[in-house]
4 protein chains.
Amino acid sequence: MTDNGRVPTTTPRPHPGRRTELLATAASVFAEHGYSATTVRRIADEAGILAGSLYYHFDSKESMLDEILSAFLDELWAGYDAVLAAGLAPRETLRALVTESFREIDRHRAAVAIYQREARHLAGHPRFGYLAASQERFERMWLKVLRRGVAEHAFRADLDVRLAYRFLRDTVWVAASWYRPDGTHGPEEIAEQYLSIVLEGIALRE
Amino acid sequence: MTDNGRVPTTTPRPHPGRRTELLATAASVFAEHGYSATTVRRIADEAGILAGSLYYHFDSKESMLDEILSAFLDELWAGYDAVLAAGLAPRETLRALVTESFREIDRHRAAVAIYQREARHLAGHPRFGYLAASQERFERMWLKVLRRGVAEHAFRADLDVRLAYRFLRDTVWVAASWYRPDGTHGPEEIAEQYLSIVLEGIALRE
Amino acid sequence: MTDNGRVPTTTPRPHPGRRTELLATAASVFAEHGYSATTVRRIADEAGILAGSLYYHFDSKESMLDEILSAFLDELWAGYDAVLAAGLAPRETLRALVTESFREIDRHRAAVAIYQREARHLAGHPRFGYLAASQERFERMWLKVLRRGVAEHAFRADLDVRLAYRFLRDTVWVAASWYRPDGTHGPEEIAEQYLSIVLEGIALRE
Amino acid sequence: MTDNGRVPTTTPRPHPGRRTELLATAASVFAEHGYSATTVRRIADEAGILAGSLYYHFDSKESMLDEILSAFLDELWAGYDAVLAAGLAPRETLRALVTESFREIDRHRAAVAIYQREARHLAGHPRFGYLAASQERFERMWLKVLRRGVAEHAFRADLDVRLAYRFLRDTVWVAASWYRPDGTHGPEEIAEQYLSIVLEGIALRE
DNA sequence: AATGAATGAGGTTTCATTCAT
DNA sequence: TATGAATGAAACCTCATTCAT
């Protein structure tokens with residue numbers, strides 16, 4: 001057990017299946033080129049097999065996407081739920097949620113990048129209805145935290161909570177597009193710096 | 001009304017630019033569905049012509065994308081250059097750059113959205129080398145402003161300028177994905193609220 | 001009147017029409033790239049107009065080809081008929097026919113090249129039935145000359161006339177693909193050298 | 001009949017080369033209709049598959065052409081090189097080269113016909129640079145043989161070697177357009193008759 | 001005579017998917 | 001599990017042709 005609970009995803013575990021490896025490959029290609037610009041053949045090439053062989057493991061290209069996104073969201077919400085269940089004060093809740101988000105980026109960078117790029121467009125399809133549901137839940141969660149924070153004088157009274165919500169949402173997830181974990185900073189450190197800007201601003205206080 | 005039979009120039013001239021119209025159509029479809037998921041036929045449908053007819057005006061789907069992005073970047077940099085030429089103090093420069101960015105989002109929402117989604121992926125292609133160039137110039141510009149601001153005590157001394165740069169960059173452009181100008185707030189007002197968060201933070205100051 | 005009756009085709013006569021100029025342009029493009037690889041736009045470009053404008057002058061691309069080929073064949077047969085009407089001996093008839101052929105190559109190089117390339121393929125189409133007719137007439141003409149020449153001891157008794165016919169036919173017309181009149185030799189001189197090889201062979205006689 | 005259940009190897013093996021079959025089909029269609037008038041669908045029809053299926057085997061229509069021509073030229077030069085390596089006298093070298101050429105026509109009729117029709121036009125494209133190279137090598141080879149023949153009194157002293165070269169070149173290859181091997185004469189016999197005309201001429205010797 | 005814009009048919013190519021082996 | 005070959009739909013693009021101006 002490591003002290004931060006991180007398990008590098010590159011370690012191939014005993015063998016929960018070729019599927020998992022292939023999904024990781026698919027996710028990384030989707031993340032790099034976008035879902036619709038990614039050909040099934042490209043994924044197969046990257047995995048060292050032929051395109052047709054993927055269909056032994058998956059129904060379709062879409063179902064790979066589906067598995068990637070739903071697995072990611074499941075984990076994400078498990079993390080969020082744990083935070084929310086802790087019953088912290090607004091400011092601490094916000095810190096914990098942001099930190100948890102950066103941990104998810106660290107673990108599922110590819111999935112987060114795919115989510116960022118494709119969610120709006122996919123949310124319309126019935127198969128991906130859970131994306132829209134998740135977005136709404138996400139929004140409710142943040143608005144609630146922010147409103148409580150304003151009410152309890154943790155956040156500025158003049159805060160436009162809807163704007164702040166979008167600000168936080170974008171700010172956090174877009175990081176997936178540049179954050180590379182090989183660096184010296186772990187997700188918690190990055191989160192800390194983000195929070196410093198979000199909470200205190202960049203201007204010098206007089 | 002004129003005595004030489006010429007129609008007043010305010011009347012829509014023979015075609016100040018069918019191209020321009022078609023590019024706007026293309027941009028809005030690219031923005032909505034993503035470049036590679038957009039079919040040329042969809043653009044044509046939206047424009048009320050047949051798919052093949054687009055090729056009277058453009059070489060290829062890719063060249064439409066190219067024109068959209070390069071026209072946008074040209075305008076964007078014209079705006080930025082005007083701001084930089086004004087020689088304002090760091091804090092005011094930052095305000096002006098952010099405000100200018102929101103104005104560009106207002107004018108070229110589709111182009112900005114496309115840029116957001118596709119730039120990283122495109123920057124590799126030789127044809128889109130100017131995207132990479134623009135990104136570097138963008139980074140240099142922001143880092144310079146932020147560093148000067150720290151040096152001149154406009155911004156916090158402990159600011160991680162690289163992180164703040166990414167923060168600003170993402171924060172500003174991602175707004176293109178949700179900002180809708182039909183609302184009551186113009187780009188300047190949105191910019192003002194963003195700046196308030198970025199500069200002062202969301203936490204209540206004691 | 002020149003002493004060989006040649007009129008350079010590049011001289012634009014008083015104005016028998018834009019048609020003639022355009023046909024010359026079309027012929028040269030067809031000759032260079034082949035009929036089906038030639039686009040109507042290419043012809044128009046070469047002529048300095050837009051593709052659609054060609055249709056003011058011609059019904060179709062095919063009708064341009066038709067005019068080019070039929071004009072060529074008309075002139076060719078006028079020349080051959082004059083030779084045949086002269087009632088020369090076989091050997092002199094052959095010389096005259098070959099010489100006349102080289103003159104036609106000189107005047108209608110493009111048309112000859114087109115004919116070479118496309119005749120076999122076109123002869124099937126009803127519209128180009130005259131090509132097949134011309135080919136048959138051509139064959140009959142040559143076989144007659146050769147047979148008479150054998151009978152009258154002008155040509156070798158062991159000559160395979162069908163093979164010799166093909167040999168002559170190919171040999172003469174293929175010259176259109178390399179013969180360039182800018183050189184120092186006129187068509188009559190080239191013909192003379194060809195005839196020397198055809199009649200006497202290249203081997204040294206002991 | 002074998003005791004290990006394996007089908008005797010004379011039975012069409014799994015696929016010694018579907019590619020090769022398809023190339024033969026493509027070559028025959030290209031030869032008949034010309035490269036650019038040939039549709040990929042026509043080739044596929046002739047092969048009994050769908051047009052798209054060709055792209056499992058080949059990159060493009062152009063790459064089929066490329067393979068056909070380069071395979072042909074490789075074989076052709078292997079044959080010529082064997083002849084040249086034999087170190088025969090000029091007259092015998094010429095006989096052997098012409099005979100070898102007719103053998104190639106016999107084996108690769110389609111490729112030769114395509115070469116005849118398209119080489120000049122293609123030699124410009126970078127991809128087909130080897131065509132130009134081959135043409136130059138061809139020319140050097142023939143000029144050398146002819147010049148040696150003149151010097152060694154095998155051929156007429158007054159021979160215009162450049163003209164004779166073109167004459168031979170055209171004469172030999174154009175035969176591909178009419179020569180059909182189903183006939184009673186093999187390529188060697190046709191070559192013999194050609195050589196008789198080329199060497200001795202058609203005129204009766206007094 | 002010529003332009004500018006479009007049509008519509010059809011061409012080449014791509015690609016997710018299938019399936020016998 | 002995976003391959004090799006193919007399908008079939010649809011994508012991008014080309015091009016001869018039309019037509020109002």
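Every chain is numbered from 1 and lettered A, B, ... according to where its sequence line falls, protein lines coming before strand lines.
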message: Distance check needed: F/dT21 P versus B/R18 CZ, whole Å only.
response: 16 Å
Residues that D/E32 engages under side-chain contact (heavy atoms from CB on, under 4.5 Å), provided they are two or more places apart: none
- line: Heavy-atom nearest pair, A/L65 first then A/L122, reads CD2-CD1, 3.7 Å
field: Residue pair C/A47 / C/R18: nearest heavy atoms and the distance that separates them
entry: O-NH2, 3.5 Å
field: Donor-acceptor pair, side chain of B/R117 and main chain of A/R117, under 3.5 angstrom
entry: yes
DNA chain E-proximal residues of residues 38-52 of chain B, any heavy atom under 4.0 Å: B/I49, B/L50
query: What is the distance, rounded to the nearest whole Å, between atom OH of B/Y56 and atom C1' of E/dT3?
result: 7 Å
query: Are any of the side-chain heavy atoms of C/E67 and C/F58 separated by less than 4.5 Å?
result: yes
- prompt: Tell me: OH of D/Y35 to C1' of E/dG11, nearest whole Å?
  reply: 12 Å
Main-chain N/O of D/S63 paired to D/S60 side chain as donor or acceptor, under 3.5 Å: yes
task: On the 0 to 90° scale, with breaks at 30° and 60°, tag the B/Y130-B/F128 ring pair as parallel, tilted or perpendicular.
output: tilted
B/L54 CG - E/dG4 P separation (whole Å): 18 Å
message: Has D/Y35 got a side-chain atom pairing as donor or acceptor with D/E62's backbone, closer than 3.5 angstrom?
response: yes
- line: Stems with DNA chain E, 3 or more Watson-Crick or G-U pairs in a row (under 3.5 Å), are E:2-21 with F:2-21
- line: From NE2 of C/H33 across to P of F/dC15 the rounded distance in Å is 12 Å
Interface residues of residues 57-71 of chain A with DNA chain E (non-hydrogen, below 4.0 angstrom): A/S60, A/K61
- request: Identify, between C/S53 and A/A37, the residue whose nearest nucleotide on DNA chain E lies closer to the 5' end.
  value: C/S53
message: Under a 3.5 Å cutoff, is there a donor and acceptor pairing between the side chains of D/R42 and D/H33?
response: yes
- request: Measure from the side chain of B/Y55, starting at C-beta and using heavy atoms only, and say which of E/dA5, F/dA16, F/dC12 lies closest.
  value: F/dC12
Pairing residues for A/A176 by the side-chain contact (heavy atoms from CB on, under 4.5 Å) criterion, not counting sequence neighbours: A/I105, A/V112
- request: State, with a plain yes or no, whether a side-chain heavy atom of C/S177 is found less than 4.5 Å away from one of C/Q116.
  value: no
- prompt: Do B/L69 and B/E118 come close enough that some side-chain heavy atom pair is under 4.5 Å?
  reply: no
- prompt: Between D/T25 and D/I43, what is the shortest heavy-atom contact and its length?
  reply: CG2-O, 3.8 Å
query: Heavy-atom contacts under 4.0 Å between residues 121-131 of chain A and DNA chain E, which residues?
result: none
